[in-house]
2 protein chains.
Amino acid sequence: MISPLSSKMIRFSKKVEYALMALKFISASNPRLVTAREISDKVNIPYDLLSKILQRLKSEKILSSTQGTHGGYLLASSPDKIFLYEIMRAIDGDRALTECLISGKEGECGLEDSCSIKSPVTKLQKEVEELFKSKTISDFV
Amino acid sequence: MISPLSSKMIRFSKKVEYALMALKFISASNPRLVTAREISDKVNIPYDLLSKILQRLKSEKILSSTQGTHGGYLLASSPDKIFLYEIMRAIDGDRALTECLISGKEGECGLEDSCSIKSPVTKLQKEVEELFKSKTISDFV
DNA sequence: TTGAAAGCGGACTAATCAAGTCCTATTTAG
DNA sequence: CTAAATAGGACTTGATTAGTCCGCTTTCAA
């Protein structure tokens with residue numbers, strides 16, 4: 001929150017952090033409908049930013065929402081069916097250890113064929129993904 | 001290299017990418033002394049940047065160097081003893097999934113005790129670290 | 001039927017950081 | 001003593017993240 005000179009790589013974005021905290025809160029409040037305002041207050045996340053995050057999670061079918069006066073959010077499925085990998089993907093988009101491993105962006109490296117580390121990094125990438133696919137919201141309780 | 005609008009999180013920094021390529025090159029040239037210039041040319045890495053990286057790897061005892069006219073770099077130990085984790089640490093410094101998991105920066109979050117996800121993220125952090133500790137330069141050949 | 005409370009969402013700003021550059025030592029072989 | 005190499009500080013730039021602002025739509029209830 002205050003954190004000035006942060007560190008490096010292999011980090012959750014703040015958005016993902018916030019998403020995890022919010023999802024945990026929503027999960028814990030189940031089956032009550034929870035508003036962005038409430039989460040923002042209780043968990044101490046900037047309201048506008050949180051709103052965007054929740055909307056994103058909604059549009060990616062991780063949350064369901066109801067609009068209007070007594071609206072709010074609910075988990076769209078049970079906590080043990082919501083995978084960290086999907087959350088990260090929903091919020092930060094496709095990601096990989098290197099640019100060239102993201103599908104659709106393969107041609108942009110310049111090294112490509114001559115790239116000496118592509119194949120081993122691909123393997124590592126898979127392992128990292130597996131790790132994130134193995135975690136669900138219920139692991140964060 | 002060209003890569004304009006890149007993606008997100010869970011990425012190697014370019015520096016780490018370059019380090020891996022350079023280390024692989026040096027490893028493959030063993031026991032010949034290799035210069036930064038040669039690596040820069042052959043592997044297509046900006047010379048100045050590469051120099052810094054190699055110097056860093058040297059100061060972290062991953063490489064050994066000799067200065068002067070016929071100077072250059074060598075692996076400081078055998079490829080299977082040089083761990084990815086150490087390389088990343090040498091170049092990007094301490095890193096973790098969240099700010100608050102980096103030792104010495106624990107107090108900067110503002111949530112801290114009330115933080116709802118710290119303990120599960122800590123566990124995940126360990127798993128990621130294990131993954132990076134399990135890889136060595138020899139895996140990148 | 002209207003106003004307040006909620007979600008929806010685009011556009012913008014500010015701060016941070018990675019990537020890359022530049023410049024000047026220092027070391028050493030020939 | 002000069003050229004080729006490592007060593008390393010300081011700086012610039014551009015991209016990306018984090019956060020803000022503003023207006024719209026939906027829904028409920030007085």
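Side-chain atoms are counted along with the backbone in the values below, which use heavy atoms only and exclude waters and symmetry mates. This one's a predicted model, so the numbers in the text were calculated from it and none came from an experiment.
- Between Lys52(B) atom NZ and dA18(C) atom C1' the separation is 13 Å, expressed in whole Å.
- One interatomic measurement links the two molecules: CD of Gln67(A) to P of dG7(C), which rounds to 9 Å at whole-angstrom precision.
- Side-chain contact between Ile87(A) and Ile137(A): present, with at least one pair of heavy atoms (C-beta onward) separated by less than 4.5 Å.
- Separating the NZ atom of Lys61(B) from the P atom of dA7(D) is a distance of 11 Å, rounded to the nearest angstrom.
- Of the residues near DNA chain D, Lys15(A) and Gly68(B), the one whose nearest nucleotide (by heavy atom distance) lies more toward the 5' end is Gly68(B).
- A single hydrophobic cluster is not seen to contain both Leu74(A) and Phe83(A); linkage of ILVMFWY side chains at heavy-atom distances under 4.5 Å, directly or through other members, places them apart.
- Nucleotide dG8(D) holds its C1' atom 13 Å from the CG atom of Leu54(B), rounded to whole Å.
- Between Leu33(B) atom CG and dA4(D) atom P the separation is 17 Å, expressed in whole Å.
- As a whole-Å value, the separation of Lys14(A) NZ from dT16(D) C1' is 15 Å.
- There is no side-chain donor-acceptor pair under 3.5 Å between Asp80(A) and Thr136(A).
- Side chains of Leu84(A) and Asp139(A) form no contact here, defined as non-hydrogen atoms less than 4.5 Å apart.
- Put simply, Ile62(B) and Tyr85(B) are part of the same group of oily side chains (I, L, V, M, F, W, Y) that touch within less than 4.5 Å, one to the next.
- Counting only heavy atoms from C-beta on, His70(B) has its side chain closest to dG30(C) among dA5(D), dG20(C), dG30(C).
- Looking at the side chain of Thr69(A), the nearest of the listed nucleotides dA5(C), dT6(D), dC21(D) is dA5(C).
- Residue Tyr47(A) places none of its side-chain N or O atoms closer than 4.0 Å to OP1 or OP2 of dT20(D).
- Residue Gln55(B) contributes atom CD, which lies 16 Å from atom P of dA25(C) at whole-angstrom precision.
- Put simply, CD on Glu17(A) is 10 Å from P on dG19(D), counting in whole angstrom units.
- For Ser65(B), the listed nucleotide lying nearest its side chain is dA7(D); candidates were dA7(D), dT21(C), dT20(D).
- Among the atoms of the strands shown, none is found under 4.0 Å from any heavy atom of Ser59(B).
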